[in-house]
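Residue indices begin at 1 and follow the sequence shown.
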Amino acid sequence: PTRKLLTYPFKKYRPSIGVWRSHGDASCLDCHIRWRRRGGCQNRKQSFFDKECPDCPAGFDFILKTTQMFGIQKNQPSTHGSPPDFGSQVAIPPENSFADAFSQLARGRPRPSTKDVMEQAIQDQIGAMHSNRKLKPLRLNANQLEHAYKVAESITDEYAKTFSLGLRLMEAEKQKAVWAIYVWCRRTDELVDGSIATHITPKTLDMWEQRLDQIFEGEAYDELDATLADAVAKFPIGKQGFKDMIEGMRMDLYKARYENFEELLEYCYRVAGTVGLMTTPIMGIAQDAQQSDSEVLNAAVSLGIALQLTNILRDVGEDATQRNRIYLPLDELESFGLRETDIFAGTVDDRWREFMKFQIKRARKYFEIAKQGIGSLDPKVRWAVWGAGMVYGEILDAIEANDYDNLTQRAYVPRWRKFALLPVALVQTLIM
């Protein structure tokens, strides 16, 4: 039977998948992925949120379903100001009294150190890996689940090309589980950084966390939730990493500046280092690993942090001008004689170049820590993991090649270069 399913909210400049209905071999996902690849649809010039999709008889209305699920009034006016004031993607405006109270509470609340947070999550994951838990089987037939995984695969391929390239080197079952995790993480991020971000409140994230609890109980709200429920049933994946990521999204609701690296490190761990915790049980640890489980998981977290630091350095200009967010330690910015105004002005001078050299050096340090743990993973996945890490690390080289101009240019790695790095990664993993 036809079943409406809330799937995935894309950013404003991307076609929305919206509400998907299963109907044979076609779906809104299929036509909208095609829509983006062919450069636009002549019948859909006005809005991404049309109620009817001209290419698909099922149609969709993502805004309606999302707002109903989270209790938001449809057509509720946005309360945030203009981007120059505090950012178009900051969900809670600073002049709002509720936002002020929430921000003060978050800042005044005693927060554990990032090290303690990471250690707690690592121990939770170790416990999951060595437990004999039994989760409820999904009430979903094989055909439905297979189609759901195809949806997850398509989303991963379309929006995480470098990551997806590395996954192609892994076994099929492990690929599926990582697709499920990627899509859940992406959907979580879109709540605070996507097209409905201005309507998202802490209560929304509380409800999203409740959905996470249901997933770990074998209950899925939609088919993409079902892929994650299936993955956590097949692999010993702990829950704390997912909860820590949601907490990172809460940080994005009220925090657009980071006073020092300790604050930034916490954010990087929560939004990206947690992915290392989520995926390591899928990758598997070698039986003859020279490192302890804790050391391997710490290396996995370091890889996630390295990737996030690289993202930050690549997107400095975009984050500042489009979202009024600066994911750089302000005290370090000041120590190099720089101010926020230099970033908004796109000033690339010797001060900025030296500052970027310092930031790139630190990001590479985390890549080196991550590399030390690759040799303790299952030999079958080492190439995939380190291949993706090496390709991503090339973004730092691209920033250098652009003379450290990441304020007006966006560094990228050409596709030919990505493929050229894979044999190098293979050789390195063989001698680890």
Novice: Aromatic rings Phe242 and Trp184: how do their planes relate, parallel, tilted or perpendicular, breaks at 30° and 60°?
Specialist: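 Answer is perpendicular, since the angle exceeds 60°.
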Novice: Any side-chain donor paired with an acceptor under 3.5 Å for Asp157 and Trp179?
Specialist: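 No pair is found: no donor N or O on one side chain lies under 3.5 Å from an acceptor on the other.
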Novice: Once rounded to the nearest 0.5 Å, what's the spacing between atom CG of Asp319 and atom CD1 of Ile343?
Specialist: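 So the CG of Asp319 and the CD1 of Ile343 are separated by 10.0 Å.
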Novice: Looking only at heavy atoms, which two atoms of Ala128 and Pro236 are closest? And how far apart?
Specialist: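 Minimum heavy-atom contact is O-CB, 3.4 Å.
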Novice: Find out whether Ile395 and Tyr412 are in side-chain contact, i.e. whether some heavy atom of one side chain is under 4.5 Å from a heavy atom of the other.
Specialist: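 In short, these two side chains do not touch, never coming nearer than 4.5 Å.
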Novice: Table please: side-chain donor-acceptor pairs of residues 270-283 below 3.5 Å, with sequence neighbours left out.
Specialist:
unit_1, atom_1, unit_2, atom_2, d
Arg270, NE, Glu266, OE2, 3.0
Arg270, NH2, Glu266, OE2, 3.4
Thr274, OG1, Arg270, O, 2.9
Thr279, OG1, Val275, O, 2.8
Thr280, OG1, Gly276, O, 2.6

Novice: Are Leu328 and Leu264 packed together at the side-chain level, in the sense that at least one heavy-atom pair is separated by less than 4.5 angstrom?
Specialist: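 Sidechains of Leu264 and Leu328: no contact.
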Novice: I'd like to check Asp225 versus Glu219 (side-chain heavy atoms, cut-off strictly below 4.5 Å). Are they in contact?
Specialist: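 No, side chains not in contact.
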Novice: Within a strict 4.5 Å, meaning less than it, do heavy atoms of the Ile326 and Phe344 side chains meet?
Specialist: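 They are in contact (side-chain heavy atoms under 4.5 Å apart), so the answer is yes.
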Novice: Ignoring hydrogens and geometry beyond distance, is a side-chain donor-acceptor pair present between Asp244 and Gln240 at under 3.5 Å?
Specialist: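 Yes, side-chain donor-acceptor contact under 3.5 Å.
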Novice: Please find the pair of heavy atoms, one from Ala180 and one from Ala231, that lie closest to each other, and give the distance.
Specialist: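 It is CB-CB, 4.4 Å.
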Novice: Measuring from atom CD of Gln291 to atom CG of Leu297, what distance do you get when rounded to the nearest 0.5 angstrom?
Specialist: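 Nearest 0.5 Å value for the CD-CG distance: 10.5 Å.
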Novice: Is Asp405 paired with Arg410 through a side-chain N to carboxylate O contact shorter than 4.0 Å?
Specialist: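 Here Arg410 does not pair with Asp405 in a salt bridge, since their nearest N and O are not under 4.0 Å apart.
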Novice: Run the side-chain contact (heavy atoms from CB on, under 4.5 Å) test on Ile360 and Ile399 for me, step by step, so that the C-alpha distance in whole Å, both residues' side-chain angles and the decisive distance to 0.1 Å come before the verdict.
Specialist: CA-CA 9 Å; Ile360 289 172; Ile399 295 173; 4.1 Å; yes
Novice: Should Asp193 and Arg186 count as an ion pair when the cut-off is N to O under 4.0 Å?
Specialist: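 The answer is no: the pair does not qualify as a salt bridge.
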Novice: Walk me through whether Glu119 and Gln123 qualify under side chain to side chain donor-acceptor pair (under 3.5 Å).
Specialist: CA-CA 6 Å; Glu119 184 60 30; Gln123 293 306 316; 2.7 Å; yes
Novice: Do the side chains of Val316 and Trp352 get nearer than 4.5 Å, heavy atoms only?
Specialist: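 Yes, close enough: below the 4.5 Å cut-off.
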Novice: To the nearest 0.5 Å, what is the distance between NZ on Lys243 and CG on Asp124?
Specialist: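 Output value for this atom pair is 10.0 Å.
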Novice: Taking only residues two or more places apart in sequence, or in another chain, which ones meet Tyr404 in a ring pair (Phe, Tyr, Trp, His ring centres under 6.0 Å)?
Specialist: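 For Tyr404 there are no ring pair (Phe, Tyr, Trp, His ring centres under 6.0 Å) partners, ignoring immediate neighbours.
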Novice: Could Glu340 and Arg257 be called an ion pair, given the rule that one side-chain N must be under 4.0 Å from one carboxylate O?
Specialist: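 Yes, charged N to carboxylate O under 4.0 Å.
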Novice: Would Glu295 and Ser376 count as a side chain to side chain donor-acceptor pair (under 3.5 Å) if you check the C-alpha gap in whole Å, the side-chain angles of each, and the deciding distance to 0.1 Å?
Specialist: CA-CA 9 Å; Glu295 290 172 327; Ser376 294; over 6 Å; no
Novice: Please give me the minimum heavy-atom distance between Ser302 and Ile369, naming the atom from each residue.
Specialist: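 Taking every non-hydrogen atom into account, OG-CG2, 3.3 Å.
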Novice: Using side-chain heavy atoms (C-beta onward) and a distance below 4.5 Å, is Phe261 in contact with Leu309?
Specialist: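 Phe261 reaches Leu309 side chain to side chain.
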Novice: Any chance you could lay out the side-chain contact (heavy atoms from CB on, under 4.5 Å) test for Tyr258 and Leu330, step after step, and finish with the verdict?
Specialist: CA-CA 6 Å; Tyr258 294 83; Leu330 296 183; 5.9 Å; no
Novice: Considering the options Tyr366, Tyr267, Tyr269, Tyr327, which one meets the side chain to side chain contact (heavy atoms under 4.5 Å, CB included) requirement together with Gln308?
Specialist: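 Only one of Tyr366, Tyr267, Tyr269, Tyr327 forms a side chain to side chain contact (heavy atoms under 4.5 Å, CB included) with Gln308, namely Tyr267.
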Novice: Please report the closest heavy-atom contact between Ala425 and Gly387, naming both atoms and the distance.
Specialist: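 Closest heavy-atom pair between Ala425 and Gly387: CB-CA, 3.6 Å.
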Novice: Please determine if Glu247 and Arg250 form a salt bridge, counting it only when a charged side-chain N lies under 4.0 Å from a carboxylate O.
Specialist: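 Counted as a salt bridge, because a side-chain N and a carboxylate O are separated by less than 4.0 Å.
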Novice: Tell me whether the NZ or CZ atom of Lys365 lies within the 45° cone about the ring axis of Phe367 and under 6.0 Å from its centre.
Specialist: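 No - Lys365 does not lie over the ring of Phe367 by the 6.0 Å and 45° rule.
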Novice: Compare every heavy atom of Leu224 with every heavy atom of Ala152, then report the nearest pair and how far apart it is.
Specialist: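 Heavy atoms only, the tightest pair is N-CD2, 4.1 Å.
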Novice: Return the CG to OG1 distance between Leu253 and Thr204, rounded to the nearest 0.5 Å.
Specialist: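 Interatomic distance, Leu253 CG to Thr204 OG1, rounded to 0.5 Å: 8.0 Å.
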Novice: Atom OG1 in Thr188, atom CD in Glu209: separation rounded to 0.5 Å?
Specialist: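 So the OG1 of Thr188 and the CD of Glu209 are separated by 10.5 Å.
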Novice: Using 4.0 Å as the upper bound for N to carboxylate O, is an ion pair formed by Arg362 and Glu332?
Specialist: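 Yes, Glu332 and Arg362 are salt-bridged.
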Novice: Can you pull out every salt bridge (charged side-chain N to carboxylate O under 4.0 Å, His left out) where at least one residue sits in residues 374-383? Sequence neighbours excluded, please.
Specialist: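 Every salt bridge (charged side-chain N to carboxylate O under 4.0 Å, His left out) pair that includes a residue of residues 374-383, provided the two are not neighbours, is Glu171-Lys380, Lys174-Asp378.
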Novice: Apply salt bridge (charged side-chain N to carboxylate O under 4.0 Å, His left out) to residues Arg187 and Asp222 and explain how you reach the verdict.
Specialist: CA-CA 13 Å; Arg187 296 170 89 187; Asp222 61 26; 2.5 Å; yes
Novice: Closer than 3.5 angstrom, by distance alone: can the side chain of Asn406 be matched with the main-chain N or O of Leu313 as a donor-acceptor pair?
Specialist: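 Indeed, once roles are kept as given, a pair shorter than 3.5 Å links the two residues.
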Novice: Quick test of your reading of the model: are Glu146 and Lys176 salt-bridged, counting only N-O distances below 4.0 Å?
Specialist: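 Salt bridge present between Glu146 and Lys176.
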Novice: Hey, is Arg325 close enough to Asp315 for a salt bridge, meaning N to O under 4.0 Å?
Specialist: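 A salt bridge is absent here (no side-chain N lies under 4.0 Å from a carboxylate O).
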Novice: Take Asp397 and Arg364, measure what salt bridge (charged side-chain N to carboxylate O under 4.0 Å, His left out) needs, and give me the verdict at the end.
Specialist: CA-CA 10 Å; Asp397 293 342; Arg364 284 178 173 147; 2.5 Å; yes
Novice: Quick check: closest heavy atoms across Cys268 and Ile312, and the distance to 0.1 Å?
Specialist: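 Smallest interatomic distance, heavy atoms only, reads SG-CD1, 3.8 Å.
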Novice: With a 3.5 Å distance limit and no angle check, can you tell me whether Glu394 reaches the backbone of Val413 through a side-chain donor-acceptor pair?
Specialist: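 Flag not set: sc Glu394 to bb Val413 has no pair under 3.5 Å.
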Novice: Quick one: do Glu263 and Lys255 make a salt bridge, cutoff under 4.0 Å?
Specialist: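 So Glu263 pairs with Lys255 through a salt bridge.
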Novice: A side-chain contact here means heavy atoms from C-beta on lying under 4.5 Å apart; do Gln428 and Met390 qualify?
Specialist: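 Yes, at least one pair of side-chain atoms sits under 4.5 Å.
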Novice: Identify whether the distance between the nearest side-chain nitrogen and carboxylate oxygen of Arg323 and Glu318 falls below 4.0 Å.
Specialist: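 The answer is yes: the pair qualifies as a salt bridge.
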Novice: Walk me through it: do Glu223 and Leu145 pass the test side-chain contact (heavy atoms from CB on, under 4.5 Å)?
Specialist: CA-CA 7 Å; Glu223 287 194 344; Leu145 189 60; over 6 Å; no
Novice: List the steps and the verdict of side-chain contact (heavy atoms from CB on, under 4.5 Å) for Thr201 and Asp206.
Specialist: CA-CA 9 Å; Thr201 69; Asp206 290 342; over 6 Å; no
Novice: With a 4.5 Å heavy-atom cut-off, do Val348 and Thr408 have their side chains touching?
Specialist: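 With C-beta onward as the side chain, the pair stays apart.
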Novice: Going through the distances and angles, do Lys361 and Glu400 end up as a salt bridge (charged side-chain N to carboxylate O under 4.0 Å, His left out)?
Specialist: CA-CA 11 Å; Lys361 181 178 179 181; Glu400 292 173 333; over 6 Å; no
Novice: Roughly how far apart are Leu212 CG and Met245 CE, rounded to 0.5 Å?
Specialist: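 The CE atom of Met245 is 11.0 Å from CG of Leu212, to the nearest 0.5 Å.
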